[in-house]
Amino acid sequence: MAATSRRTTPATPRPNASASAGSNTSGRRRGEVGKQKGAGGALSSIQRRLPGWLSSLEGPRKLAINGLVVIVSMLGSGVVLKDALKQVAVIDTISVPKDLEADGYTPATMGQRIIDAVTQVNRNAAMTRRIGTYTLSEVDPLEPESADYESPGRAHSSDSASAFTLTSDDPSKKYDVSVSGVSLTTVILHLRELFGVSDTRISGEVTVEHPPAVGLSGKDEKSPAKKFSIRLRISDKGHVQYEAEATDKLETLVEQAALKLVERFEPLDAAYYSYHKRDYDNALRIVRAYLADQTKKERQWASNLLGLIEHARYGHDEARVETSYDNAIAVFRKLRTSDPKFAPALYNLSFVLIDKGKKRLKEDPNSEKGHELFTEAYEVALEGIAIDEAADRTGRKRAVGYATAGRALRFLGQWEPAKYDEALSYFDRSTGVDPTFMYAYFSQGAIHNERNAPDDAIAKYQLATEINPSAQIFTRAGAYLRKYERHSDAVPMFQKAADLKPSANAYAYWGMALRGSARPEEAREIFERAIETDPTSPNAYNQLGLMYLDQQKWDEAADNFTRAIKASPQWSNYYYNLGRALRGAGKFGDAIAAFKKATDIYR
């Protein structure tokens, strides 16, 4: 479905520039043959209905129409029919208050921002479908075990256009050709009318609240940040109204509006995007509703997402993570039985089996159960690779399969060192079919570190940053180096990331590497820069507090942990660290209370 904003400037065509949450994957499965059949069916229907329509026209106009039909044929009937019969969502007006308009946020600008946000939802959903469990490390670079990053213009592309497209122009005007006063636009509009295709109209308004701040004295003080709200009205066969929760960040508001549009027209892709953003509750809500609707066709992709959610949502809860893995494994095994040629589920099953094996190794380094899980994971990955190779799938899909097999072999190398070489070979195959798949380079670096070959590891990390010199990749490289306690080597990686994309987290990671390199004063300056960049960032306060804790500066440490708690009161580690600082300061009663709070949250 296409969506159009009433603006005079044409939107730049882009792959998958849609307000759907991703690509029409059912169309990808049918492939080009299916598209041709669909176009042929539409043409047959037109041939049946067109004579009666033409007979109602006057002679000269009939001749003009015939001429335009010839033009349609020259342009390519399948292309024109695809545009003519595509469902269109038109953004009529998104009104904005005068103070926002004065800042450059005109109705046209707001419409385009929603279009851009929907496109991003679409791209991230397509990426998440393709690489599955490897997606999540993009949110948490300090846990690099599943690191991956999508390079611009490649990984976000999809194999087919979505059924729902958000654009800024009326697609009926794409072919602006006229014969004897009758334009091809008119033909397209008549075709849409013949087939009962109607546009969806989207309108709405942004409002701004200016809440005054009231101090303890009752007098007005400096006003807090403005709060933005948006109300959307969606009209097609009925009328739907949506109002987003007020927020002080306009970007968040636009994202919420875009996601709501995607959920209405492409709910499964909205769920994949929510998973990508680690909003597991929202993803689970959407995918369960999707599976409950028996008319939905992409059921294997929905079940696949259900397994991804089960694997991820309790990953940081030691008490429930085992159950989480078992639930995910059950979902993927069921999908393996019902759809044995669905390779993504096999790769995700392999990934979860490896994670469960890693947990076994953590509990018992000589665990035979761990060995069994890694072996099964390797065999499952090979099964998926055979499917993708037989179908001659795209490079990224095969890259994921090769990397997953390499990941299983990497852990089997703890029993059989020769498996490390096999793992390196599979990662080479992964980068061979897709040089932008960063996980493979980082995994090779990890293997070299485990084999005490740090120079080889650094070479792999350096190669990754050369192929994709983004802040995300420099952060990945720094995270891996810190994981193997190569803090001095990690410093320039984090510094480059912060230079490319300054943020509180970027500075905090840089400071952590400096602290690990025994450069406390430099670390303190960088942590303070992180706080200055974003005073609401809890990690910056926490890291500065940990530095003071190492220096036994108890009061300074306690003050920073308290600030971290204020910024993020539901994070148990901050209370635990506060308890350590208070205990060091001899405030045992307060320390016990902090430890108890940490325990309560953790449970």
Chemist: Do you know the tightest heavy-atom contact between T465 and A477?
Modeler: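 The answer is CG2-CB, 4.2 Å.
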
Chemist: Hey, are the side chains of R264 and L259 touching, using non-hydrogen atoms and a 4.5 Å cut-off?
Modeler: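 No; the side chains remain at least 4.5 Å from each other.
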
Chemist: Hey, what do you get for OG1 (T133) to CG (L308), rounding to the nearest 0.5 Å?
Modeler: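 The CG atom of L308 is 6.5 Å from OG1 of T133, to the nearest 0.5 Å.
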
Chemist: Are E205 and R233 within salt-bridge range, i.e. N to O under 4.0 Å?
Modeler: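 Salt bridge present between E205 and R233.
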
Chemist: List the atom of G104, the atom of T109, and the distance in Å for their closest heavy-atom pair.
Modeler: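 Smallest interatomic distance, heavy atoms only, reads O-OG1, 3.4 Å.
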
Chemist: Can you confirm whether M110 sits close enough to V254 that some side-chain heavy atom of one is under 4.5 Å from a side-chain heavy atom of the other?
Modeler: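 Answer yes - side chains close enough.
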
Chemist: Quick check: closest heavy atoms across D248 and K227, and the distance to 0.1 Å?
Modeler: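 Here D248 and K227 meet closest at N-CD, 4.1 Å.
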
Chemist: What donor-acceptor contacts under 3.5 angstrom involve side-chain atoms of residues 523-534, with partners at least two apart or in another chain?
Modeler:
from, atom 1, to, atom 2, distance (Å)
R524, NE, E521, OE1, 3.1
R524, NH1, E528, OE1, 3.3
R524, NH1, E528, OE2, 3.1
R524, NH2, E521, OE1, 2.9
T533, OG1, R529, O, 2.8
D534, OD1, T536, N, 3.0
D534, OD1, T536, OG1, 2.6
D534, OD2, T536, OG1, 3.4

Chemist: Do N282 and S274 have side-chain atoms, one donor and one acceptor, less than 3.5 Å apart?
Modeler: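 Yes, S274 and N282 have a side-chain donor paired with an acceptor closer than 3.5 Å.
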
Chemist: Does the distance from a Lys or Arg side-chain N to an Asp or Glu carboxylate O, for R285 and D281, drop under 4.0 Å?
Modeler: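 Result for this pair is no, no salt bridge flagged.
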
Chemist: Got I114 and I230 here, is their nearest side-chain heavy-atom distance under 4.5 Å?
Modeler: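 Yes, their side chains come closer than 4.5 Å.
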
Chemist: From E101 CD over to D103 CG, what is the distance, rounded to the nearest 0.5 angstrom?
Modeler: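 It is 10.5 Å, given to the nearest 0.5 Å.
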
Chemist: Under the side chain to side chain contact (heavy atoms under 4.5 Å, CB included) rule, what do F561 and Y574 come out as? Steps first, then yes or no, please.
Modeler: CA-CA 6 Å; F561 294 137; Y574 301 157; 5.6 Å; no

Chemist: Does atom OH (Y242) have a neighbourhood of more than 12 heavy atoms from anything else shown, all under 6.0 Å?
Modeler: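 Yes - once you tally the heavy atoms of other residues, nucleotides and ligands closer than 6.0 Å, there are more than 12.
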
Chemist: Are R278 and R313 close enough, and set up right, to give a side chain to side chain contact (heavy atoms under 4.5 Å, CB included), and what steps lead you there?
Modeler: CA-CA 8 Å; R278 297 200 176 205; R313 62 176 176 157; over 6 Å; no

Chemist: Start with the C-alpha distance between Y575 and I601, add both sets of side-chain angles, then the distance that settles side chain to side chain contact (heavy atoms under 4.5 Å, CB included), and finish with yes or no.
Modeler: CA-CA 9 Å; Y575 286 99; I601 293 174; 3.4 Å; yes

Chemist: Regarding N304 and N348, is there a side-chain donor-to-acceptor distance under 3.5 Å anywhere?
Modeler: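 Judged by distance alone, the side chains do pair up.
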
Chemist: Step by step, would you call T475 with M493 a side chain to side chain contact (heavy atoms under 4.5 Å, CB included)?
Modeler: CA-CA 6 Å; T475 301; M493 295 292 185; over 6 Å; no

Chemist: How many angstroms lie between CG in L250 and CG in L100, if you round to the nearest 0.5 Å?
Modeler: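 Answer rounded to 0.5 Å: 6.0 Å.
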
Chemist: Report yes if the side chains of M512 and R482 come closer than 4.5 Å at any heavy-atom pair, otherwise no.
Modeler: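 Heavy-atom side-chain distance check passes, below 4.5 Å.
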
Chemist: Report yes or no: does S324 contribute a side-chain atom to a donor-acceptor pair with the main-chain N or O of R320 at less than 3.5 Å?
Modeler: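 Side chain of S324 to backbone of R320: no pair is present.
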
Chemist: For S470 and L500, which heavy atoms make the closest approach, and how far apart are they?
Modeler: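 Between these two residues, the closest heavy atoms are C-CD1, 3.8 Å.
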
Chemist: Considering non-hydrogen atoms only, spot the tightest contact between P538 and A567 and give its length.
Modeler: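 Closest approach of P538 to A567: CB-CB, 3.9 Å.
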
Chemist: Using a distance-only test with no angle check, is there a side-chain donor-acceptor pair under 3.5 angstrom linking Q120 and D116?
Modeler: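 Their side chains do not contain a donor-acceptor pair, so the 3.5 Å distance test is not met.
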
Chemist: Does a side-chain heavy-atom distance below 4.5 Å link I473 with F442?
Modeler: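 Of all side-chain heavy-atom pairs linking F442 with I473, at least one is under 4.5 Å.
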
Chemist: Using the side-chain hydrogen bond (donor to acceptor under 3.5 Å, both in side chains) rule, take N505 and S503 through it: C-alpha gap first, then chi angles, then the decisive distance, then the call.
Modeler: CA-CA 5 Å; N505 279 339; S503 68; 5.6 Å; no

Chemist: Would the distance check show the side chain of R129 and the main-chain N or O of Y272 forming a donor-acceptor pair, the cut-off being under 3.5 Å?
Modeler: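 Not confirmed, R129 side chain does not pair with Y272 backbone.
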
Chemist: Is there side-chain contact between V287 and L268, with at least one heavy-atom pair below 4.5 Å?
Modeler: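 Yes, close enough: below the 4.5 Å cut-off.
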
Chemist: Do L261 and I202 have side chains that get closer than 4.5 Å, going by heavy atoms?
Modeler: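 Answer yes - side chains close enough.
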
Chemist: Using only atom types and a distance under 3.5 Å, with no angle test, would you say the side chain of T135 pairs donor to acceptor with the backbone of G132?
Modeler: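 Flag set: sc T135 to bb G132 pair under 3.5 Å.
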
Chemist: Do Y273 and E263 pair up side chain to side chain, a donor and an acceptor below 3.5 Å, judged on atom types alone?
Modeler: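 No pair is found: no donor N or O on one side chain lies under 3.5 Å from an acceptor on the other.
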
Chemist: Give a yes-or-no answer on whether the side chains of N542 and N577 include a donor-acceptor pair shorter than 3.5 Å.
Modeler: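 On atom types as modelled, these side chains qualify, holding a pair under 3.5 Å.
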
Chemist: Working to the nearest 0.5 Å, report the span between CG of L253 and CZ of R113.
Modeler: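 If we round to the nearest 0.5 Å, L253:CG and R113:CZ are 9.5 Å apart.
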
Chemist: Salt bridge or not for E522 and R515, using N-O below 4.0 Å?
Modeler: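 Between R515 and E522 there is no salt bridge, as every charged N stays at least 4.0 Å from the carboxylate O atoms.
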
Chemist: Of the non-hydrogen atoms in E245 and Q256, which two are nearest, and what is the gap between them?
Modeler: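 Here E245 and Q256 meet closest at O-OE1, 3.4 Å.
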
Chemist: In Å and rounded to the nearest 0.5 Å, what is the CD to CG distance from Q543 to L514?
Modeler: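 Going from the CD atom of Q543 to the CG atom of L514 covers 12.0 Å.
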
Chemist: Within the side chain of N560, is there an N or O that forms a donor-acceptor pair under 3.5 Å with the backbone of E556?
Modeler: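 Checked: pair present.
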
Chemist: Take atom CD in E466; do more than 12 heavy atoms of anything else shown fall under 6.0 Å from it?
Modeler: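 Yes, the 6.0 Å shell around CD holds more than 12 heavy atoms from other groups.
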
Chemist: Do Y541 side-chain atoms and P535 backbone N/O form a donor-acceptor pair below 3.5 Å?
Modeler: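 Such a contact is found between Y541 side chain and P535 backbone.
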
Chemist: Indicate whether the side chain of S537 and that of N539 have a donor and an acceptor atom separated by less than 3.5 Å.
Modeler: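 The answer is no; no qualifying pair exists.
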
Chemist: Any side-chain heavy-atom pair from S229 and V206 closer than 4.5 angstrom?
Modeler: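 SC-SC contact between S229 and V206 ruled out.
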
Chemist: Do side-chain atoms of Y507 reach the backbone of A540 as a donor and acceptor pair under 3.5 angstrom?
Modeler: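 No, the answer is negative, given that no donor and acceptor are paired below the 3.5 Å cut-off.
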
Chemist: Is it the case that the ring center of Y439 lies less than 6.0 angstrom away from the ring center of Y134?
Modeler: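 Yes, the ring of Y134 comes within the 6.0 Å limit of the ring of Y439, centre to centre.
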
Chemist: How long is the straight-line distance from NE2 of H276 back to CG of N124, given to the nearest 0.5 Å?
Modeler: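 The NE2 atom of H276 is 3.5 Å from CG of N124, to the nearest 0.5 Å.
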
